[in-house]
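As structure tokens, the structure follows; a few thoughts come after it.
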Amino acid sequence: MFADEEADPSEVILGGGRLTPGVVKIGETVRRPKSVFTRTLLLHLAQAGFDGVPKYLGCDELDRDILAFLPGDVPAKWRALTDDQVAAAGALLRRFHEASRALADHLGDGPVICHNDAGPNNTVFRHGRPIAFIDFDFAAVGDPLEDVAYMAWSWCISSKPARGDAASQAHQVRVLADAYGLSTAQRTRLVDAVYERLIRNERFWTARAFTGPPVISGPSPAEVLAWTSTEKAFVARFQRVFTAALA
Ligand SMILES: Nc1ncnc2c1ncn2[C@@H]1O[C@H](COP(=O)(O)OP(=O)(O)O)[C@@H](O)[C@H]1O
Ligand SMILES: [Mg+2]
């Protein structure tokens with residue numbers, strides 16, 4: 001913003017996000033930098049009858065997307081969640097994927113649209129229950145297992161001792177797999193997919209550390225990389241525990 005520009009008093013900056021500058025609330029709407037893919041995806045999902053995402057409401061005079069603001073809580077940080085919350089998130093992800101199939105068919109390259117960032121920090125909870133996903137900047141055609149793997153990590157798995165032992169986390173990954181309705185073949189690939197997702201995370205944050213704009217809030221890319229490396233070691237160490245719980 002230039003020195004002589006004043007902030008629009010009707011705009012409330014929405015905190016909690018780490019990557020996208022300029023996410024604001026005006027009345028019951030959210031304004032975000034324009035994304036043609038987000039618009040296409042949200043309009044498609046609405047047409048398919050899926051209500052677990054904000055409605056796309058158009059574009060404003062500053063060329064920003066206008067999305068419906070969804071009342072509820074969006075946790076800024078990952079944290080321990082109950083089995084019921086994990087199950088509801090898994091079922092929501094499955095409905096998201098199913099509703100996206102026709103668009104993915106049209107685009108080619110994969111059976112569904114993956115959200116690719118469906119952590120608790122991009123989920124609206126209402127009365128403690130996950131009811132919608134937000135933030136579709138990484139959404140793309142892909143393999144549904146990639147999203148389930150990221151959800152297994154971001155919702156169920158953590159190397160922090162306060163988050164419980166690997167056996168109880170593995171049980172929760174099983175809850176997620178059951179709620180999503182993963183096939184037997186997909187279950188056998190899930191733990192590897194979690195590990196691959198951690199490697200993908202490292203690649204993203206390595207690139208971001210060298211070339212990206214700074215994060216808006218929270219840990220630096222270097223701190224995220226150190227933490228991801230610890231998480232990778234945790235998943236590798238308890239691979240058998242996670243695999244057994246899914247069998
Ligand atoms: N449609 C929405 N309804 C309710 N809250 C939202 C919505 N969109 C964004 N937010 C809030 O704004 C924050 C930042 O938005 P987000 O799209 O996740 O940006 P970032 O890419 O920075 O993570 C979210 O963490 C959430 O608290
Ligand atoms: Mg976000």
Side-chain angles (χ1 to χ4, degrees), residues 1 7-8 10-47 50-60 62-79 81 85 88-89 92-93 95-96 99-100 113-140 142 146-147 150-151 153-155 197 200-201 203-205 207-209 211-221 223-224 227-228:
M1 187 183 297
D8 181 339
S10 67
E11 294 192 358
V12 179
I13 293 170
L14 284 170
R18 303 193 48 213
L19 298 177
T20 314
V23 183
V24 297
K25 181 172 185 263
I26 303 181
E28 291 315 301
T29 70
V30 172
R31 312 295 167 109
R32 273 186 120 266
K34 183 175 169 179
S35 156
V36 174
F37 191 73
T38 293
R39 183 187 66 177
T40 306
L41 176 63
L42 295 185
L43 289 175
H44 172 81
L45 292 174
Q47 205 183 19
F50 180 64
D51 62 359
V53 290
K55 277 209 169 69
Y56 178 82
L57 301 171
C59 210
D60 71 9
L62 297 178
D63 209 27
R64 300 176 296 194
D65 284 334
I66 309 174
L67 312 179
F69 178 82
L70 300 175
D73 304 306
V74 180
K77 288 186 176 170
W78 296 357
R79 59 183 182 203
L81 295 151
Q85 288 172 317
L92 186 67
L93 183 69
R95 292 202 295 122
F96 175 93
S100 78
I113 307 295
C114 286
H115 182 290
N116 281 325
D117 199 9
N121 56 305
N122 283 322
T123 304
V124 179
F125 290 69
R126 203 170 288 159
H127 308 301
R129 190 179 169 81
I131 56 116
F133 297 121
I134 57 168
D135 193 352
F136 309 93
D137 286 340
F138 295 107
E146 294 172 40
D147 263 353
Y150 185 68
M151 200 175 252
W153 175 35
S154 58
W155 290 71
R197 190 58 171 74
R200 203 166 121 193
N201 212 53
R203 279 199 213 109
F204 173 84
W205 285 103
R208 185 86 186 198
T211 60
V215 290
I216 298 170
S217 64
S220 67
E223 287 166 324
V224 177
W227 164 65
T228 309

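In listed order, ligands and their atoms are each counted from 1. Residue numbers run from 1 in the order of the sequence given.
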Strictly under 4.0 Å, does any heavy atom of P21 approach an atom of ligand 1? no
Is the closest heavy-atom distance from L67 to ligand 1 below 4.0 Å? no
Rounded to the nearest 0.5 Å, what separates atom CZ in R39 from atom CD1 in I66? 12.5 Å
Protein contact to [atom] [nearest heavy atom, distance to 0.1 Å]:
{"atom": "atom 26 (C) of ligand 1", "result": "I134 CD1, 3.7 Å"}
{"atom": "atom 15 (O) of ligand 1", "result": "V23 CG1, 3.7 Å"}
{"atom": "atom 3 (N) of ligand 1", "result": "L70 N, 2.8 Å"}
{"atom": "atom 5 (N) of ligand 1", "result": "F69 CE1, 3.4 Å"}
{"atom": "atom 13 (C) of ligand 1", "result": "G15 O, 3.5 Å"}
{"atom": "atom 22 (O) of ligand 1", "result": "T20 N, 2.9 Å"}
{"atom": "atom 19 (O) of ligand 1", "result": "R32 NH2, 3.4 Å"}

Looking only at heavy atoms, what is the nearest atom pair of [X] and [Y], with distance?
{"X": "P71", "Y": "R126", "answer": "O-NE, 2.8 Å"}
{"X": "V23", "Y": "T20", "answer": "CG2-O, 3.4 Å"}
{"X": "P75", "Y": "P120", "answer": "CD-O, 3.3 Å"}

With a cut-off of 2.8 Å, does N122 place any N/O/S atom under that distance from the Mg ion (ligand 2)? yes
Closer than 2.8 Å to the Mg ion (ligand 2): does that hold for any N, O or S atom in D135? yes
Mind checking whether V30 contacts ligand 1 via backbone (N, CA, C, O), side chain (CB onward), both or neither, at a 4.0 Å heavy-atom cut-off? side chain
Quick check on contacts: which atoms of ligand 1 are under 4.0 angstrom from a heavy atom of [X]?
{"X": "L19", "value": "22 (O)"}
{"X": "P54", "value": "1 (N)"}
{"X": "N122", "value": "18 (O)"}

Single hit among Y150, F136, F37 for ring pair (Phe, Tyr, Trp, His ring centres under 6.0 Å) with H115: F136
Verify the distance criterion only: is there a donor paired with an acceptor across the side chains of D65 and Y56 at less than 3.5 Å? yes
When you look at F125 and L81, which way does the side-chain contact (heavy atoms from CB on, under 4.5 Å) test go after all the steps? CA-CA 11 Å; F125 290 69; L81 295 151; 4.0 Å; yes
Please determine if A68 has a nitrogen or oxygen closer than 3.5 Å to a nitrogen or oxygen of ligand 1. yes
Any chance you could lay out the side-chain contact (heavy atoms from CB on, under 4.5 Å) test for L45 and S100, step after step, and finish with the verdict? CA-CA 6 Å; L45 292 174; S100 78; 4.2 Å; yes
Shortest heavy-atom approach to atom 16 (P) of ligand 1 - which of L14, D137, D135, I216: D135
Steps toward side-chain contact (heavy atoms from CB on, under 4.5 Å) verdict (F69, V124): CA-CA 10 Å; F69 178 82; V124 179; over 6 Å; no
F96 vs F133 aromatic rings, parallel, tilted or perpendicular, using cut-offs 30° and 60°? perpendicular
Side-chain heavy-atom pair N121, R18 within 4.5 angstrom cut-off: no
